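Bear in mind the structure is a predicted one, so any value in this text is a computation, not a measurement. Computation of the quantities below employed the complete heavy-atom set of this structure, encompassing side-chain atoms and omitting hydrogens, waters and symmetry-equivalent molecules. Letters A, B, ... mirror the listed sequences (proteins, then strands); counts begin at 1.
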There are 2 protein chains.
Amino acid sequence: MKLAPSRKNASVVPGDPSVPVPDGRSSRWTEHRTERRRELIKTARRAIDALGPGASMEDIAATADTSKSVYYRYFGDKTGLQRAVAEVVLGQMQQKVLDAAKAASGPREGFHSMVLAYLQMAQTSPNVYAFVTRVGIAESSASDDGAHDTLAHFLAAVTAMISRPVRAFLLSPERSAGPDDAAPEYWPTAAIGMVRSAGEQWLATPPGPGRPTEEQLARQITGWLFDGIGPGEPPALPSTTRRQEKDMP
Amino acid sequence: MKLAPSRKNASVVPGDPSVPVPDGRSSRWTEHRTERRRELIKTARRAIDALGPGASMEDIAATADTSKSVYYRYFGDKTGLQRAVAEVVLGQMQQKVLDAAKAASGPREGFHSMVLAYLQMAQTSPNVYAFVTRVGIAESSASDDGAHDTLAHFLAAVTAMISRPVRAFLLSPERSAGPDDAAPEYWPTAAIGMVRSAGEQWLATPPGPGRPTEEQLARQITGWLFDGIGPGEPPALPSTTRRQEKDMP
DNA sequence: ATACCTATCGTAGCTGATACGCTAGGTATC
DNA sequence: GATACCTAGCGTATCAGCTACGATAGGTAT
């Protein structure tokens with residue numbers, strides 16, 4: 001009773017490849033896959049947190065009590081794992097930012113909450129932060145194109161996250177007075193670069209007395225971004241616009 | 001610049017380092033060493049410029065018509081070469097900055113010239129820039145300390161370069177009115193991070209119509225750093241009630 | 001109920017790059 | 001001529017990233 005040899009299996013089904021044949025042998029694994037994927041990401045995060053951002057795939061897999069091939073099957077390559085972890089971390093950070101942004105009174109407060117969320121995230125797991133923000137893990141040796149293809153995936157995602165509100169703010173009517181905006185599309189990246197650099201120096205600072213709190217640093221960075229450090233710029237600006245929030249508890 | 005003796009060789013004098021017997025056989029080589037070292041750095045720079053920031057030591061040595069071991073002797077490891085190249089690049093940039101700073105009218109113009117020099121340097125050789133800016137080439141896999149030990153060497157040097165004038169400016173009498181300065185020691189790093197991020201996005205932008213010139217971008221960044229983007233910041237800003245609802249992946 | 005198929009798992013091995021030691025041989029000074 | 005110094009090339013150790021193959025447990029069709 002051999003069945004027809006031409007009709008091998010349902011993968012290249014001639015009639016309808018879409019719905020009406022829910023093969024249990026495949027569908028059985030979908031739930032398992034998503035669950036396992038989540039678990040793998042979670043374990044990878046723990047492993048990186050414990051082993052450092054340079055943890056190898058083997059180390060990560062060993063921490064998960066499995067082997068490298070599982071990770072490679074689920075994430076393709078190491079950059080895929082990086083991206084997956086970054087997605088989760090970004091989602092949590094985004095959640096925090098959204099919650100805080102609801103209570104924000106203005107763009108300044110909104111941005112302050114973002115910076116704060118960023119710093120808190122980095123502080124919570126510096127190793128995971130370093131892993132996620134790393135530029136091309138696999139591309140570093142193979143690419144000879146010159147400039148980095150883009151920023152790291154996580155930073156690119158953060159940039160995309162803040163780009164829209166920033167753009168809206170930069171183009172708001174009351175803000176068009178200045179002669180700025182020669183290149184406003186660079187501001188989100190620039191701002192994140194500032195946050196990142198300050199945050200990483202802050203992370204590297206031992207938690208001694210001189211180290212500011214997350215709140216203080218976030219407030220400071222927000223001030224730099226919104227007010228700058230130049231006090232009035234003597235030639236063109238009289239003394240009208242001194243800086244505002246002198247006393248802000 | 002001190003030329004460090006490589007690491008294990010007989011560069012340390014055997015008997016007494018202070019005895020006034022200048023052995024000609026030793027002193028003759030010092031000049032040769034410095035000259036050769038300079039040549040090796042120069043050739044490495046050309047090789048990286050041609051091959052990309054991920055060029056291997058063998059590629060670099062082949063471009064210099066020599067072998068890897070020469071580079072390893074002179075620079076210890078790849079990070080040492082990175083540091084040496086960074087030193088030269090930084091020196092040239094510093095020269096340019098100093099020349100420009102002499103003609104600067106104030107801190108703003110001085111900083112503008114610095115940013116401009118940075119951008120021009122990066123633009124001149126994007127590959128060398130990427131090589132020099134890269135964080136730990138050898139530490140990435142061996143170190144599990146967590147945070148990067150410091151910033152990249154080049155960026156740390158640039159930070160050190162601008163830290164002193166910045167500190168002097170931040171503590172200048174007319175600027176001490178604001179309640180800022182909760183963490184002024186983070187500003188140089190933060191500012192360089194902004195310059196770096198904006199510059200790298202700028203480098204990655206194809207030189208089409210929308211791309212600003214170095215001058216424009218430098219002017220823009222200087223404006224962001226000195227004036228910020230929030231002009232006045234009226235306490236109640238109604239136009240940003242609900243922005244940033246984002247799609248979560 | 002039996003033979004077949006699907007998707008996963010994990011062991012083991014491959015590829016390529018990097019760091020670096022070792023030895024032979026050349027060259028200029030004393 | 002003797003000696004200190006350098007160079008060159010080969011070879012090795014290691015390790016990250018990645019892949020191929022056999023084995024197994026669970027669904028499916030006859």
Side-chain angles (χ1 to χ4, degrees), chain A residues 1-5 7-13 21-37 39-40 51-62 64-82 134 136-144, chain B residues 5-15 21-37 39-40 51 54-62 64-82 136-144:
Chain A
M1 289 31 166
K2 306 308 291 181
L3 55 125
R7 188 191 326 165
K8 259 309 271 217
N9 54 7
S11 62
V12 284
V13 59
V21 51
D23 193 346
R25 290 171 301 189
S26 291
S27 62
R28 183 174 84 88
W29 293 104
T30 61
E31 181 189 6
H32 170 74
R33 272 184 80 100
T34 60
E35 183 50 41
R36 176 112 215 231
R37 183 185 166 95
E39 195 67 27
L40 288 175
L51 299 171
S56 70
M57 289 295 259
E58 192 156 10
D59 292 336
I60 294 172
D65 282 323
T66 181
S67 67
K68 287 184 289 185
S69 57
V70 176
Y71 272 93
Y72 278 102
R73 189 169 304 111
Y74 274 86
F75 302 103
D77 59 356
K78 200 172 188 180
T79 305
L81 175 62
Q82 182 193 26
R134 209 152 261 212
I137 291 182
E139 290 93 335
S140 64
S141 61
S143 82
D144 53 354
Chain B
S6 7
R7 49 194 194 293
K8 66 156 186 135
N9 236 341
S11 321
V12 290
V13 283
V21 53
D23 192 348
R25 288 171 311 197
S26 292
S27 61
R28 193 189 81 83
W29 290 106
T30 63
E31 182 188 6
H32 170 73
R33 271 184 79 98
T34 62
E35 185 50 43
R36 173 113 213 218
R37 183 187 166 95
E39 197 67 27
L40 288 175
L51 299 170
S56 71
M57 289 294 262
E58 192 155 13
D59 293 336
I60 295 172
D65 282 325
T66 181
S67 68
K68 287 182 293 183
S69 54
V70 177
Y71 273 92
Y72 277 106
R73 174 178 301 279
Y74 271 86
F75 303 102
D77 59 356
K78 201 169 188 181
T79 305
L81 175 62
Q82 182 193 27
I137 291 181
E139 289 94 337
S140 63
S141 61
S143 84
D144 52 354

To the nearest Å, how far apart are [X] [atom1] and [N] [atom2]?
{"X": "A/I60", "N": "D/dG17", "atom1": "CD1", "atom2": "C1'", "answer": "12 Å"}
{"X": "B/K68", "N": "C/dA19", "atom1": "NZ", "atom2": "P", "answer": "9 Å"}
{"X": "A/L51", "N": "D/dC15", "atom1": "CG", "atom2": "P", "answer": "15 Å"}
{"X": "A/K78", "N": "D/dC15", "atom1": "NZ", "atom2": "P", "answer": "14 Å"}
{"X": "A/Y74", "N": "C/dC9", "atom1": "OH", "atom2": "C1'", "answer": "9 Å"}
{"X": "A/E58", "N": "C/dT11", "atom1": "CD", "atom2": "P", "answer": "10 Å"}
{"X": "A/D65", "N": "C/dT11", "atom1": "CG", "atom2": "P", "answer": "11 Å"}
{"X": "B/R37", "N": "D/dT7", "atom1": "CZ", "atom2": "P", "answer": "13 Å"}

Does [N] have its OP1 or OP2 closer than 4.0 Å to a side-chain nitrogen or oxygen of [X]?
{"X": "A/R33", "N": "C/dT8", "value": "yes"}
{"X": "A/R28", "N": "D/dG26", "value": "no"}
{"X": "A/H32", "N": "D/dA25", "value": "no"}
{"X": "B/T66", "N": "D/dA8", "value": "yes"}
{"X": "B/Y72", "N": "C/dC20", "value": "no"}

Problem - Residue whose closest nucleotide on DNA chain D lies nearer the 5' end, A/D59 versus B/R36 - result: B/R36
Exercise for the section: When you get a sec, tell me which of C/dC9, C/dT11, D/dG9 is the closest nucleotide to the side chain of B/S67? Expected result: D/dG9
Give one of base, sugar-phosphate or nothing for [X], where a contact means two heavy atoms less than 4.0 Å apart.
{"X": "A/R73", "value": "base"}
{"X": "A/Y71", "value": "nothing"}
{"X": "B/S69", "value": "base"}

Exercise for the section: List in chain and number order the residues that pass salt bridge (Lys or Arg N to Asp or Glu O under 4.0 Å) with A/E35, two or more places apart in sequence or in another chain; answer none if no residue qualifies. Expected result: A/R38
Fill in the blank from the handout: In this structure, OG1 of A/T79 is separated from CZ of A/R134 (nearest 0.5 Å) by 12.5 Å
Fill in the blank from the handout: When rounded to the nearest 0.5 Å, the distance separating CD of A/E39 from OG1 of A/T66 is 11.5 Å
Practice task
For the residue pair A/Y74 and A/R33, establish whether any side-chain heavy-atom pair is separated by less than 4.5 Å.
Solution key: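 A/Y74 vs A/R33: side chains touch.
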Problem - Side-chain heavy-atom pair B/F75, B/R37 within 4.5 angstrom cut-off - result: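 Yes; the side chains approach each other to less than 4.5 Å.
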Handout entry: Under 3.5 Å on both distances, the Watson-Crick or G-U partner of D/dT30
Key =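 Per the H-bond distance test, C/dA1.
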